[in-house]
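Here is the naming used below: chain letters follow the sequence lines, and residue numbers restart at 1 for every chain. All of these numbers come straight from a predicted model, not from anything done at the bench.
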Protein chains: 2
Amino acid sequence: MTELHRDDHTAARTTGPVRLLLADDEHLIRGALATLLSLEDDLVIVAEAASGPEALAMARAHAPDVAVLDLQMPGADGVKVATSLRAELPGCRVLIVTSHGRPGHLKRALEAGVRGFVPKTVSAQRLAEIIRTVHAGNRYVDPELAADAIAAGDSPLTAREAEVLELAADGAPVAEIAERAALSQGTVRNYLSSAVSKLGAENRHAAVRLARQRGWV
Amino acid sequence: MTELHRDDHTAARTTGPVRLLLADDEHLIRGALATLLSLEDDLVIVAEAASGPEALAMARAHAPDVAVLDLQMPGADGVKVATSLRAELPGCRVLIVTSHGRPGHLKRALEAGVRGFVPKTVSAQRLAEIIRTVHAGNRYVDPELAADAIAAGDSPLTAREAEVLELAADGAPVAEIAERAALSQGTVRNYLSSAVSKLGAENRHAAVRLARQRGWV
DNA sequence: CGGGCCCCCTGACATTTGTCATGCGGAGTG
DNA sequence: CACTCCGCATGACAAATGTCAGGGGGCCCG
């Protein structure tokens, strides 16, 4: 035993390259990224995945130091994967990469223990730096996304309001929403009404759009 | 003058590497792709752009052999850029790359003279081959996207119906739509009604979703 | 314990919506 | 030309939706 007081949960490995898991459903991007990151001397990709479940399986199999996950993937999104990963592999840092940065997503991600959150508009060079930052145990959140998230604030919707709004998302009539939520139609209309006024929207559909934009549904 | 009978419009350059323009608003992907495609001996990236207008400007400045455009970019989408490009640089082939392949987009793209249309799920290796195919004067359309487009068929909506549906997209009330389209409210309702029934939707909002899915708006 | 939330429901009302019957005019056809 | 089809428009009517004013019950916290 050469080290005393090693903290298995949070200590970064100090020897060898950073071992990466790359997950993105778009083969083109994942492959390109893999190639590019491999050019960095201190980074090595040990596994790739094209879906949420696959990412989990790969992580279990290879126990990477850092998992770079796309936010939107088939099967399970990046945040869900991060949640599972946190439980199963506490030593694996998670970095989320996304095209469409919606405020609510960032919040959910941080709650899931994600260590980094960046938009795909950064350069690969910059991403490599951020991977190192995350691997060193620090956090990194894109400043612009952080500002958006702060500006958007917390959801003003109660659980029910959010649920009903969610069911209204695809344009279903009140009767159907009521049935699916096991509520009376009047109640559904009340929830929708209060959600609409809280969001300052014209009607329920505009409200759905707003809530989606801010990641509240 | 060293060449006779050069056909400026359609002839592929037969000497030297294929000169590429790469346009994608996501720096990460664009950069990674640039690096990866540069590894191919016969491909060279002569310009990059992060928006529609920028892509146009770069194309004018560098006159690339093939323009690889993302479908969704700020300023002007890939198809719009392709349309302008066709007029200004007839010798420049256009290849569209997209994350979300919606049937209608493919149709619009082909009408704009685009030579290739592929999803981002292909590998970089495959993309390089497709670039060569396009450069040689042939067309390439992803088989799956083509099948979807054929299955979806043409839009059953009349021009007015589509216009009104478009205006209804963000949940605006009929009164606002009527004003913006300079129609009576009754007329707007009729158009919406017929659009809804043509699409087999429950109501206008579901109709908007369907039309969007199929790329008809 | 009392107050403040939130949840769930009801009923009545104004507004917005979806649907229908109908009319006008141009394009294509026999 | 007469006829029909179709896009376009309108207003009337029925149905769905949004809004408001209540009321009962559960939960947490000062």
>> Under 4.0 Å between a side-chain nitrogen and a carboxylate oxygen: does that hold for B:K120 and B:D142?
In response: no
>> The test is side-chain hydrogen bond (donor to acceptor under 3.5 Å, both in side chains); show your working for B:Q72 and B:T98 and say whether it passes.
In response: CA-CA 7 Å; B:Q72 41 201 6; B:T98 178; 5.3 Å; no
> Can you name the nearest heavy-atom pair linking B:A178 to B:V188, along with the distance?
Replying inline: CA-CG2, 3.6 Å
> Between B:S184 and B:T187, do the side chains contain an N or O donor and an N or O acceptor separated by less than 3.5 Å?
Replying inline: yes
> Is it the case that more than 12 heavy atoms not belonging to B:E144 sit under 6.0 Å from its CD atom?
Replying inline: no
Anything under 3.5 Å between a protein N or O and an N or O of nucleotides 25-27 of chain C, put it in a table, one pair a line.
none

> Whole-Å distance between D:dG26 P and A:R160 CZ?
Replying inline: 16 Å
>> Please tell me if B:Y191 has a side-chain N or O lying less than 4.0 Å from either OP1 or OP2 of D:dA9.
In response: yes
> Are the side chains of B:K80 and B:L56 in touch, meaning some heavy atoms are under 4.5 Å apart?
Replying inline: no
>> In whole Å, I'd like the distance from the NZ atom of B:K198 to the P atom of D:dC6.
In response: 10 Å
>> Regarding A:A159, tell me which of base, sugar-phosphate or nothing describes its non-hydrogen contacts under 4.0 Å with the strands shown.
In response: sugar-phosphate
>> Any carboxylate oxygen within less than 4.0 angstrom of a Lys/Arg side-chain nitrogen, looking at B:E129 and B:R126?
In response: yes
>> Between B:E26 and B:R30, does any side-chain N to carboxylate O distance fall below 4.0 Å?
In response: no
>> Looking at A:E163 and A:R160, is there a salt bridge between them, counting it only when a charged N and a carboxylate O are closer than 4.0 Å?
In response: yes
>> How bent is the helix from C:dC1-D:dG30 to C:dG30-D:dC1, measuring the angle between the end axes built from five pairs each, rounded to 10°?
In response: 20°
> Would you find a donor on one side and an acceptor on the other, under 3.5 Å apart, between the side chain of A:R209 and the backbone of B:G171?
Replying inline: no
> Charged N to carboxylate O below 4.0 Å: is that the case for A:D65 and A:R132?
Replying inline: no
>> By the 4.0 Å heavy-atom rule, please label A:T158 as base, sugar-phosphate, or nothing.
In response: sugar-phosphate
Protein N or O to nucleotides 13-19 of chain D N or O, pairs below 3.5 Å:
{"residue": "D:dT17", "atom": "OP2", "partner": "A:V174", "partner atom": "N", "Å": "3.1"}
{"residue": "D:dG18", "atom": "OP1", "partner": "A:R204", "partner atom": "NE", "Å": "3.4"}
{"residue": "D:dG18", "atom": "OP2", "partner": "A:R204", "partner atom": "NE", "Å": "3.2"}
{"residue": "D:dG18", "atom": "OP2", "partner": "A:R204", "partner atom": "NH2", "Å": "3.1"}
{"residue": "D:dG18", "atom": "N7", "partner": "A:R189", "partner atom": "NH1", "Å": "3.3"}
{"residue": "D:dG18", "atom": "O6", "partner": "A:R189", "partner atom": "NH1", "Å": "2.7"}
{"residue": "D:dT19", "atom": "OP2", "partner": "A:S193", "partner atom": "OG", "Å": "3.3"}

>> Using a 4.0 Å heavy-atom cut-off, does B:S184 contact any base of the nucleic acid, only the sugar-phosphate backbone, or nothing at all?
In response: sugar-phosphate
